[in-house]
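The structure appears below as structure tokens.
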Amino acid sequence: MVTYLSGIQPSGRQHYGNYFGALRQHVELSHQEGEHFYFIADYHALTSSPQPDELREWVRETAVTYLALGLDPEHAVLFRHSAVPEVTELTWLLSCVTGMGLLERAHSYKDKLQKGLKPNVGLFVYPILMAADILAYDADVVPVGKDQVQHVEMAQDMAGHFNNLYGEVFHRPEPRLPENESHARIPGLDGEKMSKSYGNHVWVFESGKPLVKAVNRIVTDSRPPEDSKDPDGILLLDFLRLFVPPAEFDDWCERVRAGGEGAPGYGHMKKRLVEVIEDTFAPARARREELLADPAELDRILERGAEKARARATATRDRALSACGLR
Ligand code: ADP
Ligand code: TRP
């Protein structure tokens, strides 16, 4: 049986980048045959020192988001990262077989340094904690966005080093990217990569006036509708492509390219975009409201998930301790 595992940081409300790049494929895969573990990476979130109350709220919001988008907790194990402290023990065991050089090569760490962030040790060793997350559950497949592939490859290296020293303890995981390549980098309202840290994001459950306001912020130019235009350079079309059926998308592109009297203006596209986003997320928004109204049920789901996840991680931890002579 194939074991799937992935996690997402509770670093704020999830946006379209998180949805198309990560959450959507997690939810879709979770309905396939196999074993599924999905967790809210709250230990990881500490690397950016969030306010405790905020962290508590984001953890719940992220769990609700998974469930509202269709993750079935009967079929997939949904849990909080920190409910499985055994992964921090595994992190130590893996730290002792990991060279500094491996971590120093991490793109995401280097990017953060370049942006002027003062790193803490946690941020530096984050790939080891992530490797422990993956290896603790004997994951075969790790569905992630492009920026996380290197971290999964590091987990492969760490598993290999440990196994070479102490025998076959860890299972080799493989990363899996979203099938649709254009989902690897969802643009933000300004055309740059959508990210919470750039303030160019839209919350997946945004609706009504705030949604209209967000869509109005999508950058356009001042060319009139009659001008024939290359669809490739039009950010609004990039957004429409995410939500409308392919035939409708082709039709928008054709009309934009043709120009003339029947050509749509940016206002038309914005109106359609708001409408289709509202429709796309309407069922999930309704489920979110139901889940928020029953916090005890959410607690039960997360506790049940933690129990199952912990049993699995404990078995791996015990295996690893025995192998390296600590048992
Ligand atoms: P943010 O940049 O908003 O803080 P994260 O780094 O927490 O987002 O990303 C969480 C997950 O969402 C990762 O798996 C990442 O690959 C995916 N992701 C984030 N932004 C995008 C984007 N703009 N396009 C595609 N995937 C994204
Ligand atoms: N690092 C991932 C992110 O920032 C979240 C994460 C933590 C993760 N541990 C993981 C993803 C294990 C996959 C597997 O999005």
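Note that these values count all heavy atoms, side chains included, but never hydrogens, waters or copies made by symmetry. One-based numbering, in listed order, for ligands and for the atoms of each.
Heavy-atom proximity to Val144, at under 4.0 Å, picks out these atoms of ligand 2: 13 (C). Of all atoms in ligand 2, listed by their number and element, those nearer than 4.0 Å to a heavy atom of Phe39 are 9 (N), 10 (C), 12 (C). When each atom of ligand 2 is checked for a heavy atom of Leu5 under 4.0 Å away, the hits are 14 (C). Residue Val142 has at least one heavy-atom neighbour below 4.0 Å for each of these atoms of ligand 2: 13 (C), 14 (C). Counting the atoms of ligand 2 from 1 in the order shown, those under 4.0 Å from a heavy atom of His44 are 7 (C), 9 (N). Residue contact check: Ser6 has heavy atoms under 4.0 Å from atoms 11 (C), 13 (C) of ligand 2. In the vicinity of Gln9, heavy-atom distances shorter than 4.0 Å reach the ligand 2 atoms 4 (O).
Shown here are the side chain to side chain contact (heavy atoms under 4.5 Å, CB included) partners of Ser108, two or more places apart in sequence or in another chain: His151.
Listed by first then second residue, pairs satisfying ring pair (Phe, Tyr, Trp, His ring centres under 6.0 Å) with a partner in residues 195-222 read His15-His201, Trp203-Phe205, not counting sequence neighbours. For residues 102-130, there are no salt bridge (charged side-chain N to carboxylate O under 4.0 Å, His left out) pairs, not counting sequence neighbours.
Atom 5 (C) of ligand 2 has its closest protein heavy atom at Gly7 O, 3.6 Å. The nearest protein atom to atom 4 (O) of ligand 2, hydrogens excluded, is given as Tyr126 OH, 3.0 Å; this is a heavy-atom distance.
Checked by atom type, the side-chain pair His107/Asp147 shows no donor-acceptor distance below 3.5 Å.
A single hydrophobic cluster is seen to contain both Val77 and Val142, as judged by linkage of ILVMFWY side chains at heavy-atom distances under 4.5 Å, directly or through other members. Linking ILVMFWY residues whenever their side-chain heavy atoms come closer than 4.5 Å, directly or via other members, leaves Val149 and Leu29 in distinct clusters.
Contacts with ligand 2 closer than 4.0 Å are made by no heavy atom of Leu129, backbone or side chain. Residue contacts with ligand 2, taken as heavy atom pairs separated by less than 4.0 Å, do not involve Val152 at all.
Not one N or O on the side chain of Arg172 forms a donor-acceptor pair closer than 3.5 Å with the backbone of Gln156. With hydrogens and angles disregarded, a donor-acceptor distance shorter than 3.5 Å links the side chain of Glu278 to the backbone of Gly208. A donor-acceptor pair under 3.5 Å links the side-chain atoms of Asp140 to the main chain of Thr3, judged by distance alone.
Classified by interplanar angle (parallel below 30°, tilted 30° to 60°, perpendicular above 60°), the ring pair Phe20/Phe243 is perpendicular.
In terms of polar-atom proximity, Gln148 is counted as a contact of ligand 2, with an N or O under 3.5 Å from an N or O of the ligand. Considering both main-chain and side-chain atoms, Asp133 comes within under 3.5 Å of ligand 2 through a nitrogen or oxygen pair.
For CD of Glu261, the number of neighbouring non-hydrogen atoms (other residues, nucleotides, ligands) closer than 6.0 Å is 12 at most.
Geometric assessment of Arg255 against the ring of Trp252 yields a positive cation-pi assignment under the 6.0 Å and 45° thresholds.
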Just list the N/O pairs, ligand 1 to protein, that are under 3.5 Å apart, with the distance for each.
{"residue": "ligand 1", "atom": "2 (O)", "partner": "Ser195", "partner atom": "OG", "Å": "2.8"}
{"residue": "ligand 1", "atom": "3 (O)", "partner": "His15", "partner atom": "NE2", "Å": "2.7"}
{"residue": "ligand 1", "atom": "3 (O)", "partner": "Lys196", "partner atom": "N", "Å": "2.7"}
{"residue": "ligand 1", "atom": "8 (O)", "partner": "Asn18", "partner atom": "ND2", "Å": "3.4"}
{"residue": "ligand 1", "atom": "12 (O)", "partner": "Asn18", "partner atom": "ND2", "Å": "3.1"}
{"residue": "ligand 1", "atom": "16 (O)", "partner": "Asp147", "partner atom": "OD1", "Å": "2.5"}
{"residue": "ligand 1", "atom": "20 (N)", "partner": "Met194", "partner atom": "O", "Å": "3.4"}
{"residue": "ligand 1", "atom": "23 (N)", "partner": "Ile186", "partner atom": "O", "Å": "2.9"}
{"residue": "ligand 1", "atom": "23 (N)", "partner": "Met194", "partner atom": "N", "Å": "3.4"}
{"residue": "ligand 1", "atom": "23 (N)", "partner": "Met194", "partner atom": "O", "Å": "2.9"}
{"residue": "ligand 1", "atom": "24 (N)", "partner": "Ile186", "partner atom": "N", "Å": "2.8"}
{"residue": "ligand 1", "atom": "26 (N)", "partner": "Gly17", "partner atom": "O", "Å": "3.1"}

